[in-house]
Amino acid sequence: MKFGKVIAIGEAVIDRLGPPGGDPSIDLPVKDCFGGAPANVAFALSRLGVDVSFIGSLGNDPYGKNFKNLFVQRGINTFGLQQDNLRPTRIVLVRRDANGERSFEGFKGDKGLGFADQAISREQIIKCWPQAIDNAKCLVVGTIPLASEISSNSFLWCLENAFNAGIKIVLDLNWRPTFWRNKVSTVLSPTLQEKNEIISILKNVSLIKLAKEEAQWFFNSSNPSEISSSLPHRPSVIVTDGPNPISWLLNNHVGKSFSISPISVVDTTGAGDAFTAGLIYKILHFESEQISKKIAEEIIQFAIACGSHVCKGDGAIEAQPYLEDIENLLSLSNGGKS
């Protein structure tokens, strides 16, 4: 069943996973997986049965062609997927520690003009925009397109026009300094300019999902109510904290929910994106006034289960759950009670 159209916009990249404990730039074996936060969300939503479209740019190379084929195979609408003949699909070097936790170690493949995801064309988006927003209920975005001038212009145009069309905007703050600085940085916190640039786009969002450390860096608080009240639209705010309890403000209801630990953690890449997809999937079932405290708790728990499931496999997309996987996981976590 399809509950409503979602548009995801942003980066589609290749995550090159190094061996656990190794350096993906020199150590073998490595594994190339399709990724990029907005793409991951689109794939996760599609696997849950949601009608979803993707707007982004891939290189005219084997990685880009294979990635586009996967979008098509998964039933994701690719009318907004652009092909860049000058810039390659970005390869992101992902280091994994022995526990499966990952960090980004830089990029590979730049031939001097940057990467395809840095040059999403606003003109091409404008051409397909009327089709994109037909019946659209939600636009899901990250913040990485802001780090590149061409994609930033396209991204800001989409945010403004989606808001004006009455489409709800869900934003994963997704702070990744390597994308902004194009090199590995020992300083993880954002500069004042980087912070202000990201905060400036939050005024019209309906829901923000961010990690605890991101909340501290950008808002000097990890309290969802405080973060929400600092923004004019008073959005719902979800603050994740790895395997620790999640704090949330959803439709003016507040709570704290506990994570579900997978039996074994292979790779945490894409767990947050699956969580975001789970949130959107459940929220699409309800009008805002229907979301009570109990329903809000169920929405968050479903999203947690989606994120947990992804940690059991390599990469962000192949390990994503089907609806029955989440139903089984929630049943087990409730002691066999559905």
Side-chain angles (χ1 to χ4, degrees), residues 7-18 23-26 30-40 42 53-72 76 78-95 103-129 132 141-159 172 174-185 187 190-191 193-194 197-198 200-201 269 315-317:
I7 308 166
I9 178 173
E11 69 279 6
V13 300
I14 302 298
D15 289 328
R16 177 160 292 173
L17 309 180
D23 184 339
S25 64
I26 56 174
V30 296
K31 183 173 183 178
D32 288 342
C33 298
F34 299 115
N40 295 341
S53 306
F54 182 78
I55 296 175
S57 182
L58 290 164
N60 183 13
D61 50 34
Y63 286 118
K65 292 173 183 177
N66 290 336
F67 210 157
K68 181 177 180 178
N69 287 338
L70 185 62
F71 275 106
V72 174
I76 296 170
T78 57
F79 64 84
L81 184 58
Q82 304 169 15
Q83 178 181 284
D84 194 317
N85 294 320
L86 299 176
R87 303 168 185 84
T89 305
R90 191 189 317 236
I91 298 173
V92 183
L93 302 176
V94 183
R95 184 188 290 265
S103 58
F104 300 103
E105 295 288 306
F107 314 116
K108 187 175 177 62
D110 186 357
K111 298 176 182 177
L113 293 174
F115 299 100
D117 66 275
Q118 295 178 297
I120 301 172
S121 165
R122 183 173 65 177
E123 288 69 28
Q124 290 189 49
I125 292 175
I126 291 172
K127 290 178 183 178
C128 69
W129 190 251
V141 297
T143 54
I144 286 174
L146 285 173
S148 308
E149 184 177 358
I150 299 174
S151 285
S152 179
N153 290 335
S154 303
F155 181 73
L156 294 172
W157 187 92
C158 288
L159 288 179
D172 181 352
N174 200 29
W175 170 243
R176 302 286 182 262
T178 306
F179 284 80
W180 287 74
R181 300 161 191 170
N182 287 314
K183 60 182 179 180
V184 179
S185 176
V187 180
T191 64
Q193 180 179 347
E194 291 164 343
E197 197 163 347
I198 286 176
S200 71
I201 70 166
T269 304
I317 292 175

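When reading the values below, keep in mind they use all heavy atoms of this one structure, side chains included, and skip hydrogens, waters and symmetry mates.
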* Pair E11-R90, side-chain contact (heavy atoms from CB on, under 4.5 Å): steps then yes or no -> CA-CA 9 Å; E11 69 279 6; R90 191 189 317 236; over 6 Å; no
* **Steps toward side-chain contact (heavy atoms from CB on, under 4.5 Å) verdict (L70, I76)** => CA-CA 9 Å; L70 185 62; I76 296 170; over 6 Å; no
* Would I150 and Q118 count as a side-chain contact (heavy atoms from CB on, under 4.5 Å) if you check the C-alpha gap in whole Å, the side-chain angles of each, and the deciding distance to 0.1 Å? -> CA-CA 7 Å; I150 299 174; Q118 295 178 297; over 6 Å; no
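Across all non-hydrogen atoms, the minimal contact from P145 to G10 is CG-CA, 3.9 Å. The minimum heavy-atom distance between S121 and S154, with the atom names listed, is C-OG, 3.4 Å. The two residues D117 and I120 make their nearest non-hydrogen contact at O-CG1, 3.7 Å. When all heavy atoms of C158 and I9 are compared, the pair lying nearest together is SG-CD1, 3.4 Å. Contact between P190 and W175 at its shortest, heavy atoms only, is CA-CZ2, 3.6 Å. Shortest non-hydrogen contact noted between G59 and A116 is N-CB, 3.4 Å.
Checking side-chain atoms of D172 against main-chain N and O of N174 turns up a donor-acceptor pair under 3.5 Å. Between the S148 side chain and the A119 main chain, no donor and acceptor come within less than 3.5 Å of each other.
With rounding to the nearest 0.5 Å, the separation of CZ in F155 from CD1 in I201 is 4.0 Å. For the atom pair CG (D110) and CD1 (I91), the distance works out to 11.0 Å, reported to the nearest 0.5 Å. Annotation: the span from F79 atom CZ to I7 atom CD1 amounts to 6.0 Å, rounded to 0.5 Å. Atom CZ of F179 is separated from atom CD1 of I144 by 4.5 Å, given to the nearest 0.5 angstrom.
No side-chain heavy atom of F34 sits less than 4.5 Å from a side-chain heavy atom of T89. Using a 4.5 Å cut-off on side-chain heavy atoms (C-beta onward), F115 and V13 make no contact. Side-chain contact between T143 and E194: absent, with no pair of heavy atoms (C-beta onward) separated by less than 4.5 Å. The shortest side-chain heavy-atom distance between L17 and C33 falls under the 4.5 Å cut-off. No side-chain heavy atom of W180 sits under 4.5 Å from any side-chain heavy atom of T191. With a 4.5 Å cut-off on side-chain heavy atoms, I125 and Q82 count as touching. Residues T78 and F54 fail the side-chain proximity criterion, which asks for heavy atoms closer than 4.5 Å. R87 is not listed as a side-chain neighbour of N60, based on a closest heavy-atom distance of 4.5 Å or more.
Evaluated for a side-chain contact (heavy atoms from CB on, under 4.5 Å) with I126, the options R122, E123, Q124 yield exactly one hit, R122. The residue from V94, T178, V92, L93 that alone fulfils the side-chain contact (heavy atoms from CB on, under 4.5 Å) condition with E105 is L93.
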